[in-house]
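In what follows, a structure is listed as structure tokens, so that the remarks can point back to it.
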Protein chains: 2
Amino acid sequence: MSDELVNFFKALADSNRLKIVGLLAQQPYSVEELAALLNLKPSTVSHHLAKLAQVGLVSAKTQSYYNVYQLDEKALQSKSQNLFSQQNLAASVVDVDADAYDNKVIKDYVRKDGSLKTIPAQRKKLEAILRYVAKSFEANKRYSEKKVNEILSKYHEDTASLRRELVGSGLMKREGGGGEYWRE
Amino acid sequence: MSDELVNFFKALADSNRLKIVGLLAQQPYSVEELAALLNLKPSTVSHHLAKLAQVGLVSAKTQSYYNVYQLDEKALQSKSQNLFSQQNLAASVVDVDADAYDNKVIKDYVRKDGSLKTIPAQRKKLEAILRYVAKSFEANKRYSEKKVNEILSKYHEDTASLRRELVGSGLMKREGGGGEYWRE
DNA sequence: AATCTAATTTGATAATTATCGAATTAGATT
DNA sequence: AATCTAATTCGATAATTATCAAATTAGATT
């Protein structure tokens, strides 16, 4: 999971820190100067600068008494270029459970014995249930309509609806005239 | 002042909202689905989506029961392009008081009668004080060294140091051999 | 070496905000 | 028309974080 991206946005999600970036884009400043310009205490500015430094946007050089901070314009440009690249978008999603929605629907509609309380009326939920039901059919194996109904009857008495929706949703195929069904 | 930029960053400065953006980059989702995928309550997701919508990153279409949200990829790209443009950087700084630092230094070093407590040892503060002192000289008018000392004596007894620093910092000029000074 | 000075760190407080549950709303289905 | 359903809004709470004051640190000047 990419904390890096969130931290980058968090670093800039503060009005005073944005002002600091704007000021440092003009010229380097010491902590004390920034504090005076922003009407903040040096300790507060130090805290803000630490957050900006943490994501590599600014860095400090000591000059005599002062700690002079400067903007790393290269980092700023390069980071801003691919903020929303495929990589970053994909990375933000990497730890979400893709099956969470189906599992929730299954949990809501399936009894402990595996049968369905009802057949969902809502499209999205029906599809989740169909994906669940379809797992009872071995991939690429041919089933007679009678056998299909037998299997579906474990889930719900309205086997005709289930069968029709399975085919309609594309989860199962039916041979044109004959009564053969299969899952690909 | 540009709240817009801060709000944009704030909208993305949250791990769950970044995940929402990542998910919507793949396909549109309803609030309910997002809630299940992120393991959050619908009301929380609704709140997040409102923030994203506020900055124009997502929008909703109602489909039957559902409110299906989609990512506005155009807005995403266009906004991310000039996040750190000159305009935005300048805008973030527009309401900072450019004289605040000098004013603070002056407040620290100048007595109510206008005289200096001391001449600052620190470079940056000395320069602020010199800018303050230099205002006592009319621009482009010529002053004899004696007159310069007389004016500077209102600030500090060490008129020689003040005079030397004023010239050294470039705030005042001196004619080569003669004793004439002026401010440009 | 002794003294200054700016910066940082630490601890406390106030403000912001993410999250949830309950109540309400808007729309679709029956 | 009556009933469902998902979404939103509202109110409350917990978690985060911006800010400051005080104490400490690191470095430079004398």
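In what follows, every chain begins at residue 1, and chains take the letters A, B, ... in the order their sequences are listed.
Here D:dC20 is the nucleotide among C:dA7, C:dA6, D:dC20 with the atom lying nearest to any side-chain atom of A:Thr44. Side-chain proximity of B:Lys10 to D:dA7, C:dT8, C:dT17: nearest is C:dT17. Residue A:His47 places its side chain closer to D:dA18 than to any other of D:dT29, D:dA18, C:dT8. Listed nucleotides: D:dA7, D:dC20, D:dA18. Nearest to the side chain of A:Lys41: D:dC20. Among the nucleotides C:dT17, D:dA6, C:dT5, the one closest to the side chain of A:Gln122 is D:dA6. With C:dA6, D:dA7, D:dT8 as the choices, the nucleotide that has an atom nearest any side-chain atom of B:Ser46 turns out to be D:dT8. In this structure, of D:dT19, D:dA18, D:dT8, it is D:dT19 that holds the atom nearest to the side chain of A:Leu40.
Nearest heavy-atom pair across B:Glu184 and B:Lys173 is OE1-CE, 3.4 Å.
At a threshold of 4.0 angstrom between heavy atoms, the contacts of B:Ser43 include nucleobase atoms, whether or not backbone atoms are also involved. Residue A:Lys124 is classed as having no contact, given no heavy-atom separation below 4.0 Å to the nucleic acid.
Comparing B:Ser30 and A:Thr62 against DNA chain D, the residue whose closest nucleotide sits nearer the 5' end is B:Ser30. Nearer to the 5' terminus of DNA chain C, by closest-nucleotide assignment, is the contact made by B:Lys125 (compared with the other of B:Lys125 and B:Arg17). Between A:Ala60 and B:Ala13, the residue whose closest nucleotide on DNA chain C is further toward the 5' end is A:Ala60. Residue whose closest nucleotide on DNA chain D sits further toward the 5' end, between B:Val31 and A:Gln63: B:Val31.
Rounded to whole Å, the distance from CG on A:Leu49 to C1' on C:dA6 is 13 Å. Distance A:Tyr29 OH to C:dA6 C1': 18 Å, rounded to the nearest Å. Distance A:Phe9 CZ to C:dT17 C1': 19 Å, rounded to the nearest Å. The interatomic distance linking B:Leu34 (CG) with C:dA18 (P) rounds to 16 Å, in whole Å. Look at CZ on A:Arg123: it is 16 Å from C1' on C:dA28, rounded to the nearest Å. Atoms CD (A:Glu32) and C1' (C:dC4) sit 13 Å apart, rounded to a whole Å. Atom OH in A:Tyr65 sits roughly 17 Å away from atom P in D:dA26 (whole-Å rounding). Rounded to whole Å, the distance from CG on B:Asn16 to P on C:dT17 is 16 Å.
Under 3.5 Å, the side chains of A:Ser30 and A:Glu33 contain a donor-acceptor pair of N or O atoms.
Taking the six-membered ring wherever Trp is involved, the centroid distance between the rings of A:Tyr143 and A:Phe137 falls below 6.0 Å.
Between B:Glu145 and B:Arg174 no salt bridge is recorded (no basic side-chain N to carboxylate O distance below 4.0 Å). Here A:Glu127 pairs with A:Arg123 in a salt bridge; the nearest charged N to carboxylate O distance falls below 4.0 Å. Salt bridge absent: A:Lys141 and A:Glu180 never bring a charged side-chain N and a carboxylate O closer than 4.0 Å.
The side chain of A:Tyr69 places an N or O atom within less than 4.0 Å of a non-bridging phosphate oxygen (OP1 or OP2) of C:dT8. Close to C:dA18, at under 4.0 Å from its OP1 or OP2, lies a side-chain N or O of B:Lys51.
Side-chain contact between A:Lys19 and A:Leu38 is present, with at least one heavy-atom pair separated by less than 4.5 Å.
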Exercise. What's the verdict on salt bridge (Lys or Arg N to Asp or Glu O under 4.0 Å) for B:Glu32 and A:Lys124, showing C-alpha distance, side-chain angles and the deciding distance?
Worked result: CA-CA 10 Å; B:Glu32 195 180 35; A:Lys124 284 169 186 285; over 6 Å; no
Seminar exercise, completed: Encoded 5' to 3' (Watson-Crick or G-U under 3.5 Å; [ ] crossing; | other strand), DNA chain D becomes ||||||||||||||||||||||||||||||
